[in-house]
Amino acid sequence: MKIAFVGKGGSGKTTLSSLFIRHLAAARIPVIAVDADINQHLGAALGLDEAEAAALPAMGAHLPLIKDYLRGANPRIPSADSMIKTTPPGEGSRLLRVGEDNVVYETCARAVELDDTRVRLMATGPFTESDLGVACYHSKVGAVELCLNHLVDGREEYVVVDMTAGSDSFASGMFTRFDMTFLVAEPTRKGIAVYRQYKEYARDFGVPLKVVGNKVQGPDDLAFLRAEAGDDLLVTVGHSDWVRAMEKGRPTLFAYLEEANRRALETLHDTADAAYERRDWERYTRQMVHFHLKNAESWGNAKTGVDLAAQVDPAFVLFEGAATPQPA
């Protein structure tokens, strides 16, 4: 299951995504955590110290390796140089699975210990000095989009992505890659404005969206969110002494998280799990191709010097049981 956490900057989306990751890990569910926000904070929210978080490998820096692995023996993709962030898989492509070992995970993922279990953490990587003034944010997250395009995942395995703040996600097709999107909103006009913008953009693509109210301090905050988000409001989260201790570098066992907040995470889990029954791999593949052709026409063909529409395999549909060739 592919889950996104979105929201305006400061809404608490990274904190909520890290708590959801911990909840899944505590339930012994395989999970890959992905920090797709250029302001890299998910590692710290999962308990890494500053040095450990800074040492995470940047997916964007390993894009040639990722491309070369994923293209496999696909005859429509003659070289990694001809792949862009939206390139869809086809016959002969290598696909990714949550629980497997492969060169992409070996290079780009690191194990993070959470109490008595662990998760894999991947990160786009921050802007470097050489990027300043010349690089686009989406040149970094393209590696995440490419991996999601080639991912086949089942019900009891999760990829949880902490997305960039605000509506920047809509500058690519990555927002359509998820079974469920949780929008973290504070009970403020700015928080609701991001929700309305996201809902408007997502409507035409059938993106499942639920609102998680954060920093809710009383009945008035709850009433405000209910009035503005309606049935999209799934659950609310209030103050957490457990989270505050974690942010101070004084973590305790996840089992000590407040009962109300644990129930909120269970609601998120139940909602994400229920989305499995609504999976539509044909639509998923069709949307993938749609955004690839848009990017090809807009900039991809000119950048690569090839007709990227030729990469589309019209007979291929990504699905959970799809086979993938293994490296020699």
Side-chain angles (χ1 to χ4, degrees), residues 1-21 23 34-39 41-42 45 137-138 141 144-145 148 158-240 243 260-261 263-275 278 283 287 291:
M1 302 294 290
K2 295 175 282 288
I3 310 300
F5 280 81
V6 301
K8 79 172 186 66
S11 65
K13 67 178 181 61
T14 298
T15 298
L16 264 295
S17 61
S18 71
L19 291 176
F20 188 59
I21 289 162
H23 166 83
V34 181
D35 193 340
D37 193 337
I38 206 67
N39 298 308
H41 297 306
L42 184 57
Y137 165 78
H138 298 95
V141 299
V144 179
E145 185 169 358
L148 291 176
Y158 277 75
V159 175
V160 179
V161 182
D162 180 22
M163 299 282 276
T164 184
S167 57
D168 280 358
S169 305
F170 292 98
S172 75
M174 195 159 71
F175 73 97
T176 66
R177 304 295 84 200
F178 300 101
D179 297 289
M180 178 57 62
T181 295
F182 292 125
L183 189 145
V184 181
E186 300 168 273
T188 63
R189 288 185 297 173
K190 288 184 178 179
I192 289 300
V194 171
Y195 154 69
R196 289 174 176 162
Q197 189 176 31
Y198 214 104
K199 185 177 178 69
E200 181 67 24
Y201 287 154
R203 179 179 289 115
D204 292 339
F205 294 92
V207 174
L209 176 68
K210 287 294 181 182
V211 174
V212 181
N214 194 27
K215 305 178 185 178
V216 175
Q217 297 182 3
D220 185 66
D221 284 349
L222 178 58
F224 175 82
L225 288 172
R226 282 177 172 165
E228 298 295 335
D231 292 341
D232 286 339
L233 180 62
L234 176 65
V235 71
T236 62
V237 179
H239 173 77
S240 171
V243 169
N261 291 329
R263 288 198 303 269
L265 295 175
E266 290 170 359
T267 299
L268 297 187
H269 189 179
D270 290 343
T271 302
D273 183 71
R278 300 189 296 273
R283 185 187 70 178
Q287 289 177 340
F291 282 105

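Here, residue 1 is the first one in the sequence, and each next residue gets the next number. Computation of the quantities below employed the complete heavy-atom set of this structure, encompassing side-chain atoms and omitting hydrogens, waters and symmetry-equivalent molecules.
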On a heavy-atom basis, which atom in Gly191 and which in Ala185 lie closest, and how many Å separate them?
O-CB, 4.0 Å
Hey, what do you get for OG1 (Thr176) to CD (Gln287), rounding to the nearest 0.5 Å?
4.5 Å
Applying salt bridge (Lys or Arg N to Asp or Glu O under 4.0 Å) as the test, list every pair that has at least one member in residues 9-21; sequence neighbours left out.
Lys13-Asp37, Lys13-Asp162
Provide the closest heavy-atom pair for Val161 versus Phe178 in the form atom of the first, atom of the second, distance.
CG2-CE2, 3.6 Å
Can you tell me how far apart CG (Leu183) and CG (Leu234) are? Round to the nearest 0.5 Å.
12.0 Å
Per side-chain hydrogen bond (donor to acceptor under 3.5 Å, both in side chains), Glu200 is matched among Arg203, Gln197, Arg196 by Arg203
What are the two closest non-hydrogen atoms of Asp273 and Met1, and how far apart are they?
O-CE, 4.5 Å
Side chain proximity check, Val6 to Phe175, heavy atoms < 4.5 angstrom:
no
Is there side-chain contact between Tyr195 and Glu228, with at least one heavy-atom pair below 4.5 Å?
no
Looking at Asp270, I'd like to know if its CG atom is crowded, meaning that more than 12 non-hydrogen atoms belonging to other residues, nucleotides or ligands lie closer than 6.0 Å.
yes
Heavy-atom closest pair, residues Ser18 and Leu42
CB-CD1, 4.0 Å
Do Leu268 and Phe182 have side chains that approach each other closer than 4.5 Å (heavy atoms only, starting at C-beta)?
yes
Is any side-chain heavy atom of Lys210 closer than 4.5 Å to one of Met180?
yes
Could you check whether any side-chain heavy atom of Tyr201 comes within less than 4.5 Å of a side-chain heavy atom of Val207, counting everything from C-beta outward?
no
Value rounded to 0.5 Å, distance of CD in Glu186 from CZ in Phe224:
11.0 Å
Is Val141 close to Thr164 at the side-chain level, that is, under 4.5 Å between some pair of heavy atoms?
no
Parallel, tilted or perpendicular for Phe5 and Phe20, by the 30°/60° rule?
tilted
Checking Asp179 side chain against Lys2 main chain: does a donor-acceptor pair fall under 3.5 Å?
yes
Closest non-hydrogen contact found for Asn214 with Pro187 is O-CD, 3.2 Å
In Å and rounded to the nearest 0.5 Å, what is the CG to OG1 distance from Asp221 to Thr188?
9.5 Å
Shortest non-hydrogen contact from Ala272 toward Ile3
CB-CD1, 3.7 Å
Does any non-hydrogen side-chain atom of Asn261 lie less than 4.5 Å from one of Leu19?
no
Taking C-beta and beyond as the side chain, do His23 and Glu266 meet within less than 4.5 Å on heavy atoms?
yes
